[in-house]
Amino acid sequence: MPFALLRYGLRRAHRPFDDIPPTPPLRQSYDVAIIGGGGHGLAAAYYLSHHHGIRSVAVLEKGYLAGGNTARNTTTIRSNYLTQASIRFYREAVSLFGTMSQDLGFNVMFSQRGQLTLAHSEATMRSFHLRAEMGKHAGTGVEVVDARTVRELCPHLNMDEGGQHEVLGGLWHKDGGTARHDAVAWGYAKRAAEKGVEIHQRTTVTAIRSQGDRVTEIVTDRGTIRAGQVLQAAGGLNGQIAELAGFPLPIRCFPLQAMVTQPLKPFLHTLVSSANLHTYLVQSSRGEIVIGGGSDPYQLASTRSTFDQKEALAQGALHLFPFLHNVRLLRQWAGITDMTPDYSPIMGASPLANYWLDAGWGTWGFKATPVAGKYMAETIATGRVPDIIAPFALDRFDRFALLNEMGATAASH
Amino acid sequence: MKRLTCPMNGPRDITEFQYLGPLRSTRAEDPSAVTRHLFYAGNPIGPLVEWWRHRPSNTVFLAERHTGTDRIIRTWLPDGSETQNA
């Protein structure tokens with residue numbers, strides 16, 4: 001790759017190239033139809049076409065490519081979860097990000113600079129010890145650190161000594177990082193399209209027809225297609241799409257709001273997060289401070305932003321870094337998070353034999369983009385659910401085999 | 001600031017209220033109904049009937065709200081068993 005770049009740079013005549021081809025007309029039938037052209041759906045298309053030789057794939061996207069939650073998350077990549085099943089899964093996600101730019105020949109700007117979660121109480125410290133031990137057992141880089149180490153890792157942080165939110169210590173996750181969310185989706189789309197995957201933007205699925213326990217046809221506003229296998233990866237609309245397929249999902253939707261400031265000189269090397277203040281911050285490679293993530297307190301399907309959420313986020317950010325008080329906000333947005341009862345995703349089989357789920361990604365979906373795509377592709381190609389994603393099956397709610405990850409995030413829920 | 005009308009106290013700032021989630025009905029003797037009650041709540045893009053609590057007065061009541069527009073359609077006090085309130 002570096003040599004290709006060098007060659008391109010030294011060439012006199014620069015030919016422009018299209019990363020992602022325009023939307024072609026819909027064919028009548030495909031081996032695989034993927035509902036949702038976000039990171040997850042595109043990653044699955046990439047793995048199907050590159051690793052399993054399945055090239056007759058249509059990705060159906062209602063809006064534009066990766067314009068939903070792939071564009072609206074806060075790009076945190078980490079594996080400091082609590083249950084063994086989750087840690088194993090997200091650990092592979094982090095390692096796939098490590099080689100993604102090379103694998104795709106597309107710079108996703110993965111920056112593995114560590115994530116620091118702050119404890120403002122003894123109770124939080126105790127829960128961090130549990131998470132650290134569970135993480136070490138599963139082989140992820142996570143440890144509890146004291147206040148002094150926190151100050152060394154993040155010298156600009158307000159330790160609030162003697163105050164209400166005094167920093168007593170933290171959970172230091174050195175494997176944590178961030179990447180450019182758009183590039184992840186574009187990279188997968190580009191490489192999948194090279195192998196013949198068709199990406200249909202502005203194509204809304206309006207009905208899903210089935211016979212017995214098999215999906216036969218997918219009706220869109222641009223025509224009807226037949227598909228051998230179907231993958232649902234529709235982000236905030238997962239509940240509605242599953243309803244079209246004829247079954248309910250244990251999902252409730254809440255908007256998650258975030259914002260970015262104007263670019264500043266680099267001062268914040270690590271990702272900093274505080275569950276007590278419901279705030280996390282990361283400085284992007286452009287210098288902007290990304291501040292997340294406040295969930296609206298009640299169910300909503302609208303991506304409007306509210307002043308009170310912005311105020312709460314700003315309050316948390318100013319508490320941690322008071323010198324940000326004159327900094328201006330550049331952009332703010334909301335994404336619809338499809339929350340599950342146990343804060344873990346739903347992957348694998350559905351009540352229909354040839355219809356597969358990659359849903360319930362709530363506030364934790366971006367980091368899982370490569371690993372979910374990899375194993376959903378394997379599931380579709382082989383018809384068998386791999387071990388690593390088996391614990392995330394939809395039927396875990398009937399078996400009361402929940403994977404509780406409620407404490408493993410700083411978003412306010 | 002958004003306001004919600006408490007059936008006991010009239011229109012109040014929405015930050016005074018606690019959201020208790022969509023109305024669900026259950027029958028303890030039917031296991032699948034219990035699973036539904038615990039994990040499968042209503043998630044429409046449209047009108048949704050849900051429980052709210054006014055914190056200062058501890059008034060628990062029902063509200064119908066449109067989840068697409070966030071417009072509150074009506075609020076009322078529950079009366080009788082759970083299934084009669086929908």
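In what follows, every chain begins at residue 1, and chains take the letters A, B, ... in the order their sequences are listed. Because only heavy atoms are used, hydrogens play no part in the values below, and waters and symmetry mates are left out as well, while side chains stay in. In this text, all values refer to a predicted model and were calculated from it rather than measured experimentally.
Residue-environment remark: CZ (A:Phe307) stays at or below the threshold of 12 foreign heavy atoms within 6.0 Å. Atom CZ of A:Arg202 has 12 or fewer heavy atoms from other residues, nucleotides or ligands within 6.0 Å. Within 6.0 Å of atom CD in B:Gln18, more than 12 heavy atoms from other residues, nucleotides or ligands are found, so the atom counts as buried in its surroundings.
Looking at A:Asp398, the atoms closer than 4.5 Å to chain B (heavy atoms on both sides) sit in the backbone and in the side chain alike. For B:Ile14, the part lying under 4.5 angstrom from a heavy atom of chain A is the side chain only. The parts of B:Pro22 that come within reach of chain A are both its backbone and its side chain, each placing non-hydrogen atoms under 4.5 angstrom from that chain. Contact annotation for A:Pro341: only side-chain heavy atoms (C-beta onward) come within less than 4.5 Å of a heavy atom of chain B. Heavy atoms of B:Arg65 lying under 4.5 Å from chain A belong exclusively to its side chain. For A:Pro297, the part lying near chain B is the backbone, with the side chain staying farther off; criterion is any non-hydrogen pair under 4.5 Å.
Residues B:Ile45 and A:Leu237 approach most closely at CD1-CD2, 3.9 Å, considering heavy atoms. Scanning all heavy atoms of the two residues, the minimum distance from B:Ala41 to A:Arg252 falls at CB-CD, 3.8 Å.
If you take OG on A:Ser302 and NE2 on B:His66, they are separated by 11.0 Å, rounding to the nearest 0.5 Å. Note that OG1 of B:Thr67 and OH of A:Tyr298 are 11.0 Å apart. Values are rounded to the nearest 0.5 Å. A:Ile251 CD1 to B:Tyr40 OH: the interatomic distance, rounded to the nearest 0.5 Å, is 9.5 Å. The structure places CZ of A:Phe397 at 11.0 Å from CG of B:Leu38, a figure rounded to the nearest 0.5 Å. The line from CG of A:Asp395 to OG1 of B:Thr35 is 11.5 Å long, rounded to the nearest 0.5 Å.
Side chain of A:Gln299 to backbone of B:Gly42: a donor-acceptor contact under 3.5 angstrom is found.
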- Query: Taking it one step at a time, do A:Thr306 and B:Lys2 satisfy side chain to side chain contact (heavy atoms under 4.5 Å, CB included)?
  - Reply: CA-CA 10 Å; A:Thr306 57; B:Lys2 198 170 174 61; over 6 Å; no

